[in-house]
Asks: 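Dropping the structure in here first, questions after.
Excluded from the calculations below are hydrogen atoms, water molecules and symmetry mates; all remaining heavy atoms, backbone and side chain alike, are included. These figures come from a predicted structure and were not determined experimentally.
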Amino acid sequence: MIRDLKRVRNIGISAHIDSGKTTLTERVLFYTDRIHKINEVRGKDGTGAVMDSMDLERERGITIASAATYCEWKKHNINIIDTPGHVDFTVEVERSLRVLDGVVLILCSVSGVQSQSITVDQQMKRYEVPCIAFVNKCDRSGANPAKVARQLKDKLGHNSVLMQLPIGLEDKHEGVIDLVAMKAYYFEGDHGERVAVKDIPENMRDQAQEAREEMIDAASLFSEELTDAILEESDISDDMIKKAVRTGVLARHITPVFLGSAYKNKAVQPLLDAVIDYLPSPLDINNEAIDLDNNEECVVLESSFDKPTVALAFKLEDGQYGQLTYLRVYQGCIAKGDTLINSRDGKKVKAGRLIRMHASQMEDVEEIPAGHIGAMFGIDCASGDTFVSPKINYSMLAMHVMEPVISLSIVPKDNKAQINMSKALNRFTKEDPTFKTYVDHETGDTIIQGMGELHLEVYVERMKREYQAEVTTGQPRVAYRETITQKALFNYTHKKQTGGAGQFGRVAGFVEPCEEEFEFVNKITGGRIPTQYIPACEKGFQSCMAKGPKLEFPVTGIRVTIEDGAYHAVDSSEMAFQAAARGAFLEAYGKARPVIKEPIMKVVIETPNEFQGSCMGLINQRRGIIQGSQEEGVMSVIESQVPLSEMFGFSTILRSATQGKAQFTMEFSSYKQVPQSIAEDIIRQKQEEKKA
């Protein structure tokens, strides 16, 4: 691995579904001599792309799990993570962006900025990851890169700047004009591997000059040297422009836009040059950790090999040789045989086999230095754990993980399937923080929870294929919540007299709605409840949040304030005050007008214009609210909010209503109160389940 970190790039490739992420990665690997044959995502012979190593990915033609690889281009080492586009697997994008220094955001030249592009952009903002944009599919009918660059400005708020112009579009797309070098690039050979540099076509010179001036104008804001050169009308060198654009990219104030067609092997090499020229090296990024020994102070990590090691486990996989832990090393160096500490639980681990990943293939290495991404075998840990040298006690900031919104009951067919199913669930919950499982004590069913129907469908399929666990699935269930809508008082005394010391505790105060999931406010004065019993009161109230008294859904959005109470010198204990708090919660909850809340999904449908009306009808039938609709050429984009409970089986209905021409994406938006008539149905259903 290269130790000169100026020549290292850790990049991700992110986009909406079907924008060409995996196709682009395949071309990158071919041009950098990592592979010697280009495979297509939906290969006719069933091979599929190198980065889609799972059978399920090849069959469905989608990326399910992020895959890591590396390549070399012009003496630079590029570590690449290809991420899924489907919103159900958004945690894969989340954890990848957590450890990457830069991103190539791919946009379709026809569809432009789509719903998942917006989600990826929000994730990039969360981790402040600089990016460059690549407008792909310039060979498709209706391609319009200039429109996509404008959408980047209008919809995502990026200061987008065209760095290239297309030479022809749609079926006449031949190459690109580089506005920095002012040369035309054509891509010759069977797979576009030969880059032919020629003069700009005569009929495009004026347009190229105008676009170059716009680009230099935007870049000059980030370089005094460039501004001076413009004012003095002196020569502007290529390096001057590149330095200015790079400064703007690192500050996330400019997004250079590149064009091409990965499928037709056009303009991938100039994009690789752009990754090196404009995206950050590990030395350009400030990474912070928390010092657990010094009041959780923030510490800036140095990409130095001599400092104590700090590494983050961002992804787990169950390989044939045991658990495979993907790591990003931020400081120091992990060498074979090193002893590391897991800062979450303080356990010592020994770095045994170290490897670099190339999709599903691996290459043994002696060390993983700072600034690089690698993997370790045989380490027992969880996703998001920090590994450090024994002399320090740092922890990296955790990544953002969304709560599951849908659940499904699964029943194994026989005893063997039961054993295999529990092995599979144990592994999947470790690998994916958005996939959760528990046993319903009333029905005895195993319940799995996730981000969407496809998410759970894929895991059930993986159980069958990878673990031979034959399971039958029940009806999907929605993750309802309970909450209160008004303030209610409580004054509860817990008194129990048995032989010897009894139990006594009184708590008084009120509950009210709030924005947080749970908030506890202590307003006890004069020692009416001794300080040592206050945490027990909080624990008692919090224990009631897991199952609401109304319908046993989790309770959310409650603030509990205690103002008064009483204790007994002999009979009071932590247990007594916990019981008092539980009794007080039950007393107040019924008076606070509890209601049921349901998850509302942001649903975006892309459909040909002729089916726009029927798609809107489908949303209205499902208690949906249409927030906006716009026509983009021959396609319409309808944005709406629909309750999750109404969205089951929607893909089949949408296909039949639009002759299979429409597609939709769905992601969690918020929780909202259920209408009274629906709430009554839910209550009736719950009562029937209890009787059964």
Asks: Would you say E519's side chain and C514's backbone share a donor-acceptor pair under 3.5 angstrom?
Replies: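 Not confirmed, E519 side chain does not pair with C514 backbone.
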Asks: Is it the case that over 12 heavy atoms from other parts of the model lie below 6.0 angstrom from the CG atom of D345?
Replies: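 Check passes, neighbour count above 12.
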Asks: Tell me whether T493 contacts the main-chain N or O of R506 through its side chain, where contact means a donor paired with an acceptor under 3.5 Å.
Replies: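 No.
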Asks: Within a strict 4.5 Å, meaning less than it, do heavy atoms of the V511 and T561 side chains meet?
Replies: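 Result no, sub-4.5 Å side-chain heavy-atom pair not found.
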Asks: Closest approach of G540 and R582, non-hydrogen atoms and distance?
Replies: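 Of all heavy-atom pairs spanning G540 and R582, the closest is O-CG, 3.5 Å.
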Asks: Hydrogens and angles aside, do E517 and T556 bring a side-chain donor and acceptor to less than 3.5 Å of each other?
Replies: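 Not at all, the side chains of E517 and T556 share no donor-acceptor pair under 3.5 Å.
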Asks: If you round to the nearest 0.5 Å, how far is NE2 of H568 from OG of S573?
Replies: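 Going from the OG atom of S573 to the NE2 atom of H568 covers 12.0 Å.
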Asks: Closer than 4.0 angstrom, basic N to acidic O: yes or no for E563 and K523?
Replies: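 So E563 does not pair with K523 through a salt bridge.
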Asks: Go through the side-chain N and O atoms of K602 and Q627 and say whether any donor and acceptor fall under 3.5 Å apart.
Replies: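 There is no such pair between these side chains.
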Asks: Taking the cut-offs as 6.0 angstrom to the six-membered ring centre and 45 degrees off its axis, would you call K487 and F510 a cation-pi pair?
Replies: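 Judged by the rule, K487 and F510 form a cation-pi pair.
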Asks: Using a strict 4.0 Å threshold on nitrogen-to-oxygen distance, state whether K496 and D571 make a salt bridge.
Replies: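 Judged by the 4.0 Å cut-off on N to carboxylate O distance, K496 and D571 do not form a salt bridge.
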Asks: Would the distance check show the side chain of T485 and the main-chain N or O of R593 forming a donor-acceptor pair, the cut-off being under 3.5 Å?
Replies: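 Yes, the answer is positive, given that a donor and an acceptor are paired below the 3.5 Å cut-off.
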Asks: Are F504 and Y567 near enough that their ring centres are under 6.0 Å apart?
Replies: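 Here the rings of Y567 and F504 have centres that are no less than 6.0 Å from each other.
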Asks: Any chance NZ of K155 has more than 12 other-residue heavy atoms, nucleotides or ligands included, within less than 6.0 Å?
Replies: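 Yes - once you tally the heavy atoms of other residues, nucleotides and ligands closer than 6.0 Å, there are more than 12.
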Asks: Checking E639 side chain against G628 main chain: does a donor-acceptor pair fall under 3.5 Å?
Replies: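 It does not hold such a pair.
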Asks: Output yes when a side-chain donor or acceptor of K591 lies under 3.5 Å from a complementary backbone atom of L489, and no otherwise.
Replies: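 Yes, the answer is positive, given that a donor and an acceptor are paired below the 3.5 Å cut-off.
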Asks: Hey, does D414 have a side-chain heavy atom less than 4.5 Å from the side chain of Q418?
Replies: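 Answer no - side chains too far apart.
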Asks: If the threshold is 4.0 Å, N to carboxylate O, is there a salt bridge linking R622 and E646?
Replies: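 Salt bridge absent between R622 and E646.
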Asks: Ignoring hydrogens and geometry beyond distance, is a side-chain donor-acceptor pair present between Y589 and E482 at under 3.5 Å?
Replies: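 Judged by distance alone, the side chains do pair up.
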Asks: Ignoring hydrogens and angles, tell me if any N or O in the side chain of E552 forms a donor-acceptor pair with the backbone of P549 under 3.5 Å.
Replies: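 Not a single qualifying donor-acceptor pair exists.
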Asks: So L425 and I410, do their side chains get closer than 4.5 Å, heavy atoms only?
Replies: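 The answer is yes; the side chains approach within 4.5 Å.
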Asks: Might you point out which heavy atoms bring N491 and E587 nearest each other, and give the distance in Å?
Replies: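 Of all heavy-atom pairs spanning N491 and E587, the closest is N-OE2, 2.9 Å.
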Asks: Stepwise, does the salt bridge (Lys or Arg N to Asp or Glu O under 4.0 Å) test hold for E466 with R427?
Replies: CA-CA 11 Å; E466 295 170 33; R427 171 187 155 191; 3.0 Å; yes
Asks: Walk me through whether T434 and Q449 qualify under side chain to side chain contact (heavy atoms under 4.5 Å, CB included).
Replies: CA-CA 8 Å; T434 59; Q449 297 176 302; over 6 Å; no
Asks: Side chain to side chain contact (heavy atoms under 4.5 Å, CB included) for M124 and L105? Distances and angles first, verdict last.
Replies: CA-CA 10 Å; M124 286 194 293; L105 177 65; 4.1 Å; yes
Asks: Counting neighbours of CD on E128 that are heavy atoms of other residues, nucleotides or ligands and sit closer than 6.0 Å, is the number greater than 12?
Replies: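 Atom CD in E128 is not crowded, with 12 or fewer foreign heavy atoms closer than 6.0 Å.
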Asks: Would you call the rings of F428 and Y467 parallel, tilted or perpendicular if under 30° counts as parallel and over 60° as perpendicular?
Replies: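 Geometry flag for Y467 against F428: perpendicular rings.
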Asks: Does the distance from a Lys or Arg side-chain N to an Asp or Glu carboxylate O, for D380 and K430, drop under 4.0 Å?
Replies: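 K430 and D380: salt-bridged.
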Asks: Would a 4.5 Å heavy-atom cut-off, applied to side chains only, mark Q612 and I605 as touching?
Replies: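 No, their side chains stay 4.5 Å or more apart.
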Asks: Atom NZ of K347 and atom CD1 of I379: how far apart are they, to the nearest 0.5 Å?
Replies: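 Answer for the NZ-CD1 pair, K347 versus I379, is 12.0 Å.
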Asks: Is it true that a side-chain atom of N620 and a backbone atom of M616 form a donor plus acceptor pair closer than 3.5 Å?
Replies: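 Yes; at least one donor-acceptor contact below 3.5 Å.
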Asks: Around atom CZ of R528, are there more than 12 heavy atoms from other residues, nucleotides or ligands closer than 6.0 Å?
Replies: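 Not more than 12 within 6.0 Å, no.
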Asks: I'd like to check I638 versus V604 (side-chain heavy atoms, cut-off strictly below 4.5 Å). Are they in contact?
Replies: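 A side-chain contact is absent here, since even the closest heavy-atom pair is not under 4.5 Å.
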Asks: Tell me whether S640 contacts the main-chain N or O of V603 through its side chain, where contact means a donor paired with an acceptor under 3.5 Å.
Replies: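 Yes, S640 side chain to V603 backbone: donor-acceptor pair under 3.5 Å.
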Asks: Donor-acceptor pair, N609 side chain versus S636 backbone, under 3.5 Å?
Replies: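 The answer is yes, because a donor-acceptor pair under 3.5 Å joins these two groups.
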Asks: Do V674 and K597 have side chains that get closer than 4.5 Å, going by heavy atoms?
Replies: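 V674 vs K597: side chains apart.
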Asks: Using 0.5 Å steps for rounding, measure from the CZ atom of R126 to the CG atom of D121.
Replies: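 So the CZ of R126 and the CG of D121 are separated by 11.0 Å.
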Asks: How far apart are the closest heavy atoms of C537 and F577, and which atoms are they?
Replies: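 Shortest heavy-atom contact: SG-CD2, 3.8 Å.
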Asks: Does T446 reach the side chain of V411, with side-chain heavy atoms less than 4.5 Å apart?
Replies: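 They are not in contact (no side-chain heavy atoms under 4.5 Å apart), so the answer is no.
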Asks: Is the number of heavy atoms from other residues, nucleotides or ligands under 6.0 Å of I653 CD1 greater than 12?
Replies: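 Correct, the count exceeds 12.
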Asks: If every non-hydrogen atom of A417 is compared with every non-hydrogen atom of A469, which pair is closest and at what distance?
Replies: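 That would be O-CB, 3.9 Å.
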Asks: Between Q578 and S543, does any side-chain donor sit less than 3.5 Å from a side-chain acceptor?
Replies: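 No, S543 and Q578 have no side-chain donor paired with an acceptor closer than 3.5 Å.
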Asks: Identify the two heavy atoms, one from P513 and one from R559, that lie closest to each other, and give their separation to 0.1 Å.
Replies: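 For P513 versus R559, the nearest heavy atoms are O-NH1, 4.0 Å.
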Asks: So which atom in A584 and which in V507 form the shortest heavy-atom distance, rounded to 0.1 Å?
Replies: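 Closest heavy-atom pair between A584 and V507: CB-CG2, 3.7 Å.
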Asks: For the SG atom of C615 and the CD atom of E606, what is their distance to the nearest 0.5 Å?
Replies: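 Going from the SG atom of C615 to the CD atom of E606 covers 11.0 Å.
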Asks: Output yes when R481 and E598 qualify as a salt bridge under the 4.0 Å nitrogen-oxygen rule, no when they do not.
Replies: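 No, this pair does not count.
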Asks: Show your working on side chain to side chain contact (heavy atoms under 4.5 Å, CB included) between L618 and L654 and close with a plain yes or no.
Replies: CA-CA 8 Å; L618 290 177; L654 183 68; 4.0 Å; yes
Asks: May I ask you to decide if F611's main-chain N or O and T658's side chain share a donor-acceptor pair within less than 3.5 Å?
Replies: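 Answer holds: no.
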Asks: Hey, are the side chains of I447 and T437 touching, using non-hydrogen atoms and a 4.5 Å cut-off?
Replies: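 They are not in contact (no side-chain heavy atoms under 4.5 Å apart), so the answer is no.
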Asks: Centres of the F585 and F490 rings: under 6.0 Å?
Replies: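 Not close enough - the centres of the two rings lie 6.0 Å or further apart.
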Asks: Could you give the distance from NZ (K423) to CE (M463), rounded to the nearest 0.5 Å?
Replies: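 Between K423 NZ and M463 CE, I get 14.0 Å after rounding to 0.5 Å.
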Asks: If the plane angle is over 60° it's perpendicular, under 30° parallel, otherwise tilted; pick one for F520 and F541.
Replies: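 Because their plane-to-plane angle lies in the 30° to 60° range, the rings of F520 and F541 count as tilted.
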Asks: Please step through side chain to side chain contact (heavy atoms under 4.5 Å, CB included) for the pair K436 and I448, ending with a clear verdict.
Replies: CA-CA 6 Å; K436 295 183 178 176; I448 56 173; over 6 Å; no
Asks: Working to the nearest 0.5 angstrom, can you tell me the gap between L408 CG and H455 NE2?
Replies: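 Between L408 CG and H455 NE2, I get 12.0 Å after rounding to 0.5 Å.
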